[in-house]
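Here the structure comes first, spelled out in C-alpha cells, and everything after it is commentary.
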Number of protein chains: 2
Amino acid sequence: MTIADTAKSKATQEGQTRNEEIFQTAAELMVQRGYAGTSMGDLAKAVGMTKAGLYHHISSKQDMLLQILLHAMEELESTVIEPAKRIADPEERLREMIRLHVRGLFDHGLETALLFPERRHLEPAQQQVVGQRIQSYRGLIRETLRELADEGKLQDLDINITSSHILQTIAGIARWYRKDAGVTEAQLVEQTVNFNLFAILKVS
Amino acid sequence: MTIADTAKSKATQEGQTRNEEIFQTAAELMVQRGYAGTSMGDLAKAVGMTKAGLYHHISSKQDMLLQILLHAMEELESTVIEPAKRIADPEERLREMIRLHVRGLFDHGLETALLFPERRHLEPAQQQVVGQRIQSYRGLIRETLRELADEGKLQDLDINITSSHILQTIAGIARWYRKDAGVTEAQLVEQTVNFNLFAILKVS
DNA sequence: ACGCACCTACCGATCGGTCGGTAGCCTTAC
DNA sequence: GTAAGGCTACCGACCGATCGGTAGGTGCGT
C-alpha cells in the first residue's frame with residue numbers, strides 16, 4: 001500500500017461501499033415516502049444497522065439529502081447533458097437527450113430526480129446550488145428548442161412552457177411506471193421520444 | 001329553521017365555513033410540504049387556532065387527508081370529467097378535457113391533485129377507493145384515445161403510455177408553475193392543449 | 001340552561017441526534 | 001511470533017424536542 005492508494009476498498013456483496021449502500025437506500029426510501037416521511041430509524045433498519053451506527057457514516061439527515069441531490073445531478077450531467085452537448089444538430093440532440101434521460105431512469109438511478117422538490121428542506125444557500133444546476137439543464141432544452149425554431153422546425157409553441165412539458169413527461173415516468181405492467185423499457189423510451197417530438201416538430 | 005335547513009351557515013370573511021377553511025388550508029400546506037411534513041400544530045397556527053381547537057373540527061390527520069382527496073376527486077369529476085363525457089367527438093372531447101383541467105388548476109383548487117400520491121398514508125381500503133376513482137379518469141382518456149385511433153386520427157403511439165404522458169403534462173403544471181413568471185393563465189391553457197394535440201394527432 | 005367553538009395543559013410515542021463504549025482487524029515494535 | 005496500540009465500524013442507552021391526539025374546562029350566543 002502506497003500513498004497513491006487512497007481508494008476505500010471495503011465492499012459489500014455487490015461491490016458497493018457501505019456509504020454508497022446507505023445513500024442509495026436512503027434515496028429509494030425517500031422517493032417512496034418523501035424526506036419528512038422517512039425516519040433515520042427506518043433507514044438504519046433498512047441497511048441493517050442501528051441509528052447510532054448509521055450516524056457513524058453520515059453527518060445529518062439534511063446533509064444526506066444534499067449529497068443525494070448533488071449525486072443525482074452529477075449522474076444526470078454525465079449521462080445525459082454532456083453526451084447531448086456534443087451533438088450539433090438540435091433535432092438529433094433533443095431526441096438523444098430524451099432517449100438518454102429515459103434510459104437513465106432504469107440504468108442509473110435517475111428516478112432520484114423526483115427528490116429535487118425536497119430541496120426545500122435544505123438551507124437556502126444549498127437550495128440555490130441545487131436549483132442552479134437544475135436550471136442549467138432546463139437551459140439546454142430551451143436553447144435546443146430555440147435552435148429548432150431558428151431552423152423553422154418548431155411548432156407554434158412557447159419555448160419556456162414547452163421545455164417544462166417535455167421535462168414533465170420524462171420525470172413523470174418515474175411517478176407512474178411500475179415494471180409489473182406490460183410495458184417494456186425499450187417501448188417506453190421510444191414512445192416518450194416520439195410523443196415529445198410529434199408535439200414540437202413541424203411537419204415537413 | 002326547518003329540518004330542510006341542513007346547511008352549516010357559519011361563514012368567515014370570504015363566505016367560507018370554518019371547516020372549509022381548515023380543509024383548504026391543510027390542502028395548501030400539504031401540497032407545499034407533503035403530508036408527513038405538515039404538522040397539525042402548523043395547520044392549527046395557519047388557521048389561527050390551537051391544536052386542540054383544530055381537533056374540535058376534524059377527527060384525525062389521516063381522515064383529513066382522505067376528505068381532501070375525495071373532495072379533490074369530486075371537483076375533478078364535476079368540472080372536468082362530467083362536462084367532457086357529454087362531448088361526442090373524441091378530438092373535441094380530449095381538447096376540452098385538457099382545457100378544463102388546466103383551467104381548474106387556477107379556478108378550482110385542482111392542484112390538490114398533487115396530493116394523490118400521498119394516499120399511501122391511508123388505510124389500504126381507503127387507498128383503493130381513491131385509487132379506483134383516479135383510474136376511472138385515466139380510463140376516460142384511454143377510451144378517448146382509442147376512439148381517435150379508430151377514426152385513424154391517432155399517431156403511432158401506445159395508448160397506455162400516451163395517456164400517462166398527457167396527464168403528466170397537465171398535473172406537472174402545478175409543480176413548476178409560479179405565477180410571478182411572465183406566463184399568463186390563458187397562454188398556459190392554450191399551450192398545453194396544443195402541445196398534447198400536436199403530439200397525438202396525425203397530420204391530415 | 002344548553003351546546004358550540006375554542007382554550008390550557010398534558011399524554012405516550014417518535015423524531016433527529018449523541019454519548020461512551022467495544023469487538024475485530026491492521027500495523028508496528030520487539 | 002506476539003503483544004501493544006490504534007482505527008474502523010458498529011452498538012445500547014439516552015437526550016431534548018416535537019409528533020398526533022386528548023381531557024377537562026371556559027366563554028358566549030341562543
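Owing to the predicted nature of the structure, the values given are computational and were not obtained by experimental measurement. Below, chains carry the letters A, B, ... as their sequence lines are ordered, and counting in each starts from 1.
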Note to self: I'd like to know if B/K61 reaches the base of D/dG21 with its side chain such that a donor and an acceptor end up less than 3.5 angstrom apart.
What the structure shows: no
Check: Which of residues 27-48 of chain B have a heavy atom under 4.0 Å from DNA chain C?
Finding: none
May I have the distance from [X] (atom [atom1]) to [N] (atom [atom2]), rounded to whole angstrom?
X	N	atom1	atom2	result
B/L65	D/dG20	CG	P	13 Å
B/Q62	D/dG20	CD	C1'	11 Å
B/H121	D/dC19	NE2	C1'	14 Å
B/Y55	C/dA9	OH	C1'	16 Å
B/K51	D/dT18	NZ	P	12 Å
A/I58	D/dA9	CD1	P	15 Å

Check: Side chains of B/R103 and B/E185: closer than 4.5 Å at any heavy-atom pair?
Finding: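 In contact.
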Note to self: Any donor-acceptor pair under 3.5 Å linking the side-chain atoms of B/Q32 with those of B/E28?
What the structure shows: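 Per modelled atom types, B/E28 and B/Q32 side chains form no pair under 3.5 Å.
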Notebook entry, point to check: Strictly by modelled atom types, are A/S60 and A/D63 linked by a side-chain donor-acceptor pair under 3.5 Å?
Noted result: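 No pair is found: no donor N or O on one side chain lies under 3.5 Å from an acceptor on the other.
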Compare the minimum distances between each of [options] and the side chain of [X], then state the nucleotide with the smallest one.
X	options	answer
A/H57	D/dC10, C/dA5, D/dG20	D/dC10
A/M49	D/dC11, D/dT8, C/dC4	D/dC11
B/A52	C/dA5, C/dT8, D/dG12	C/dT8
B/H56	C/dA5, D/dC10, C/dC7	C/dA5

Note to self: For the CD atom on A/Q62, are there more than 12 heavy atoms of other groups (residues, nucleotides or ligands in this structure) within a distance under 6.0 Å?
What the structure shows: yes
Item checked: Residue of the set B/V80, B/T192, B/I141 for which side-chain contact (heavy atoms from CB on, under 4.5 Å) holds with B/I98 ->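 Testing each of B/V80, B/T192, B/I141 against B/I98, the sole residue satisfying side-chain contact (heavy atoms from CB on, under 4.5 Å) is B/T192.
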Margin query: Check the orientation of A/W176 and B/H165. Use parallel for under 30°, tilted for 30 to 60°, and perpendicular for over 60°.
Written below: perpendicular
Note to self: For a quick test of reading the model: is some side-chain N or O of B/R18 closer than 4.0 Å to OP1 or OP2 of C/dC4?
What the structure shows: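 Answer no for this pair, as no side-chain N or O of B/R18 is under 4.0 Å from OP1 or OP2.
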Checklist line | C/dC7 phosphate, OP1 or OP2, under 4.0 Å from B/T50 side-chain N/O | finding: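 For C/dC7, OP1/OP2 do have a side-chain N/O of B/T50 under 4.0 Å.
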Next item on the list: Check the pair B/K85 / B/E77 against salt bridge (charged side-chain N to carboxylate O under 4.0 Å, His left out), numbers first and verdict last.
Entry: CA-CA 10 Å; B/K85 271 187 176 165; B/E77 279 166 5; over 6 Å; no
